[in-house]
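Here's the structure we're looking at; comments come further down.
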2 protein chains.
Amino acid sequence: MFSKACEYGIKAAIFIATKSYEGLRVSPKEIAEKINSPQAFTAKILQSLVRHHVVNSIKGAHGGFEIQKDRISEVKLAQIVKAIDGDKIYVGCGLGMEKCDENHPCPAHDKFKIVRDELKNMLENTTLEELALNIKSGTAFLKT
Amino acid sequence: MFSKACEYGIKAAIFIATKSYEGLRVSPKEIAEKINSPQAFTAKILQSLVRHHVVNSIKGAHGGFEIQKDRISEVKLAQIVKAIDGDKIYVGCGLGMEKCDENHPCPAHDKFKIVRDELKNMLENTTLEELALNIKSGTAFLKT
DNA sequence: TTTATTTCGGATAAATTTATCCTATTTATG
DNA sequence: CATAAATAGGATAAATTTATCCGAAATAAA
Ligand code: FES
Ligand code: FES
């Protein structure tokens, strides 16, 4: 469904959000430990999230990654997925045709579109806040 | 969403079905041309579909790939996807946790499960027949 | 201003997926 | 039986994704 990079990116953003509620910045090292991901690879993905304005980075001593508190409820899962995997999953053809075109559809178009649109809808309506609260409340987990 | 191999496999099965209605067998060469896929790679995928009893192969002169007419309406998209990509897409965690476990869920579990179950449902209720008829009727296409 | 800390970014390596090539095996037919 | 036509399957290569390593740049604090 999503690439590994995207899975790590989503989990990293969620973890950063939970820490940002407490006003804390986190390092790639801590993030990788908490979400069970390879550290250097995770750092690369974080750079991408920074460039796409999903999270904020502060360089130098006492630096780290954070998200402004008031941004946590604004960031949608869709933005993170799009930043890392692009929009192929939202607009691409399920059977890999060059593009999904109503006027030249693949044989599974009608069926696939329904699911794809529901996925899109879910991602666009799910906020980082909801996900982070699931972690803070202890009802969900970021690893094993 | 699906691997390239799976996309080719689905399209190949659909094409074989359309030909099987006419009692014709088809070669990997013809299949690859009609679905716009690399021939040798497609042949490999066909072997996999044969082993998983999605399509039938006849070796030797006048051989080729076919599907029994009465099987076309029995084969579900889900069987093809499972044969090639496995069942990760049906039962795996959207955020890549070792397994999707209600008792140890990832933060997106509830949201993701709804979409994943709808995808599963769609794949399990879509037959090769429906898809092949979209091609035969000219309302859908297998390439460009 | 020096030092310690931390993200950034390029180069590279490992693993997986996608793709190609060539030979073996099977089978219908003359 | 010999031959031609076709799928099966192993070996290998190319491309992409995943992962690692290391030095550069930025920043706070002594
Ligand atoms: S053309 Fe394939 S999903 Fe729209
Ligand atoms: S645990 Fe992640 S989808 Fe169920």
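Protein chains get the first letters and strands the later ones, always in sequence-line order, with residue 1 at the start of each.
- Ion pairing between a basic and an acidic side chain is recognised when a charged N comes within 4.0 Å of a carboxylate O; B/E33 and B/K29 show such pairing.
- Whole-Å rounding puts the B/E66 CD to C/dT27 P distance at 14 Å.
- Closest approach of B/I35 to B/A12, counting heavy atoms only: CD1-N, 3.8 Å.
- A donor atom on one side chain and an acceptor atom on the other are not found under 3.5 Å apart for A/T127 and A/S73.
- Salt bridge A/E66/A/R25: present, at least one basic N to carboxylate O contact under 4.0 Å.
- A salt bridge links B/K111 with A/E130; the closest basic N to acidic carboxylate O contact falls under 4.0 Å.
- When the nucleotides C/dT7, C/dT27, C/dT20 are ranked by their closest atom to the side chain of B/A40, C/dT20 comes out on top.
- The CD atom of A/Q39 sits 14 Å away from the P atom of C/dC8 (whole-angstrom rounding).
- Contacts between residues 4-24 of chain B and DNA chain D, defined by a heavy-atom separation below 4.0 Å, involve no residue at all.
- To the nearest angstrom, C1' of C/dT20 lies 9 Å from NZ of B/K44.
- The side chain of A/R51 contributes an N or O atom lying less than 4.0 Å from OP1 or OP2 of C/dG9.
- Using a 4.0 Å cut-off between a side-chain N of Lys or Arg and a carboxylate O of Asp or Glu, B/R71 and B/E74 do not qualify as a salt bridge.
- A/V26 comes within 4.0 angstrom of the backbone, heavy atoms only, and of no base.
- Taking for each of A/K59 and B/G63 the nucleotide of DNA chain D with the nearest heavy atom, the 5'-most of the two is the partner of B/G63.
- Taking 4.0 angstrom as the limit, A/Q47 places none of its side-chain polar atoms (N or O) nearer than this to OP1 or OP2 of C/dT7.
- The pair A/K11-A/E7 does not meet the salt-bridge criterion, since no charged nitrogen lies less than 4.0 angstrom from a carboxylate oxygen.
- Side-chain contact between A/E102 and A/H109 is present, with at least one heavy-atom pair separated by less than 4.5 Å.
- A/D110 places none of its side-chain heavy atoms less than 4.5 Å from the side chain of A/I114.
- Extent of DNA chain D lying under 4.0 Å from chain A heavy atoms, first and last nucleotide in 5' to 3' order, is D/dT18 to D/dA29.
- Between A/I58 atom CD1 and C/dA4 atom C1' the separation is 18 Å, expressed in whole Å.
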